[in-house]
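Counting convention: from 1, in listed order, for ligands and their atoms alike. The structure presented is a predicted model; accordingly, all values stated were derived computationally and were not measured.
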Amino acid sequence: MFIGVDYYPEQWPRERWETDLKLMKELGINVIRISEFGWTLMEPEEGTYDFSLYDDAIKLITSYGMKVVLGTPTATPPAWLIQKYPEVLPADENGVTIGFGARRHYTVNSKTYHLLSKRIVEAMAKHYGDHPDVIGWQTDNEYGHEKSDRSYSEVDQEAFQEWLLQKYGSLEELNHRWGTVFWSQTYDNWSQIPVPRKVYQEHNPSLLLDFNRFCADAYTAYNRMQVETLREHIREDQFITHNFVYTGLAQDQKAIAEDLDFISFDNYPVWGGLAEPIKPAAIARQHDLCRGTKNGKGYWVMEELSGAQGWSQIGYLPRPGHLKLWTYQAIARGAEAIVYFRWRAARFGTEQFCHGILDHDGVPRRKYKEVKDVIDSLKRRGDDLIAADFPAEVGFYHDPENDWAWQIQPQSDQFDFIQEFLRFYEPAHALQVQGNIIRDDVDLSAYKVIVVPIYFLTKKGFNEKLEQFARQGGTVIFSYRTGVKDQDNVVSEKTLPGELSNMCGIEVHEYDSLRGSRSATVKGTAAPLEGLSAESSVWCDFIEPTEAEVLATYEDDEWFSGRAAITRNYVGRGQVYYIGTGVDRSMLLPLYEAIFKEAGIETTDTPEPVEMVTRVGDDVTYVTVLNHSVEESFDVKLPAGKWIDASNGEETFEGTLTLKPLQSIILESSN
Ligand code: GAL
């Protein structure tokens, strides 16, 4: 498998390159990503190209037997370009131009920028498209990151109007679907429609949702232009990828990915200013999103954190063991290659405190040894492991449009899309039940349980698909605020949960947004929740069962007390759960456990910070066991049979394995 580093030869004296490459070689590095911010070097003035620095670097890199991934440099338009074509600059919500000085300072809707990008991409593709050691390409760098996903300039406004014309065809249609009769917003000319710049209070939610879709489409089109330009000139076996982030951007990674050979991901479990890493389930969710982006296809981690990160604020220092743990977790969940960010911390520029395998002084120490240990440990079975299947019996529905609808109207100050998604994802993760993150296009019959969290913005065809799935014996889990909106971001006129009401066997007549520190208490009234009590936050739907059975009720003041909070309905041969409130894991965990048991899905009882991921190969099954705790050791019960340490093929384990803090291990067993 490929294990590499992100390297910036332009940031170091040439005399140092050889030392770096020797050290990389000793480490076992076999691929290097370069050039994704090197536009001025490659095109120092408009139309003049100079690839000499990267030519020299590539020559040296390949003399050490390593391969190269090239980044197109369009995340950093040079000073000359901005001076000459200031119209490519983006604008913020106030209409204020975002200036030159950092990166990503372009609006993806600028035709001029498309043209200038196409020219540099074409020049690079012609120059390196047949290089035997250039194995692939990364387009741009982290589309949409650092708030560059939404731009509000005049150029964007015109493009938005054009996009709306294409979508609606007539203003009558747009006015009708957006409900512009509200507040006298009826448009009689396309040029009247604004991008959602600052207004008193808030814009029309239908306009806002379409604006997000428009921004997403713009990035898809921009990436397609780069891909098509590359494809015209590069060898067929050179791959094209892009390194995504998954943080609720106005972007559709899945649509972009259709034009890519595979996707890449930048994995930063902790970054600038964070006091501690994000939760294991939150990291796992990102990997599951990556694997789901091309329906199960493996992906690259193009940037895997290797040191403390930060610009003006430095985040938590990853402890000894973290690099291995997060690398193993990534591979276990679907990464096929790992590229560490970055080889060495820069001495100058904005990212002086983004530490790497080496720090500023360039001396290999603890982190270097740790990466070496990881690479050595993967030599024996890495290739086989990445080719093994990722079995999954649960699907988690995730649609960026639903995320945008929630961003537009969070409805409770306690609501955060990722946290609420995690609320309904984490219990499965804790029970070591593997799931895929899916969209509405997948075949549901591959699953036993489908979790559809915070399904606010519904999709007609998918509603029917879910009902069919339940009728045929599947289990569906819905949460609060299901079925509220249609695709125009307009509220359903049916009694809530709207289109899903029949299937859930309930109606929701009233609800309460739990703001600030408000919470409610939920009491289990029937199996499997009987006798349990838990806190809930964010939201309370008051459920009126029509067909469904009540599993839990609220028990707060007189008004809340006895009202249904969690229900189950039998539909055909299947079951549909409705969890009407942001109930905490002390109730969700037993509920999920019971649901999985009934659905015939095996759960594993492990201490909370321990994660186990199973991959099934042709001859061998692998279980990656990860202890995410920095402080505690745990005894972990292994699946039945004899397990061997896959890194050496020697040590054997059976029954219980004691894992030290931050210890991680890949085990194997013959099928
Ligand atoms: C990533 C980015 C890198 C670098 C890194 C710092 O988001 O792609 O270029 O900025 O973060 O942590």
Within the heavy-atom cut-off of under 4.0 Å, ligand 1 is lined by F37, R103, N141, E142, H145, D266, Y268, E303, Q309, F341, E351, C354

Here the salt bridge (Lys or Arg N to Asp or Glu O under 4.0 Å) pairs for residues 296-323, sequence neighbours left out, are R33-E303

Residues 241-254 vs salt bridge (Lys or Arg N to Asp or Glu O under 4.0 Å), sequence neighbours excluded, gives D252-R439, K254-D441

Flag the pair R285 and D288 as a salt bridge only when some basic side-chain nitrogen lies within less than 4.0 angstrom of an acidic carboxylate oxygen. no

Contacts satisfying ring pair (Phe, Tyr, Trp, His ring centres under 6.0 Å) that involve residues 74-102 (not counting sequence neighbours) are F100-H105

* To do: Indicate, with yes or no, if the rings of Y299 and F262 have centres closer together than 6.0 Å.
  => no

Taking the six-membered ring of Y7 as reference, does the cationic atom of R342 (NZ for Lys, CZ for Arg) lie under 6.0 Å from its centre and within 45° of its axis?
no

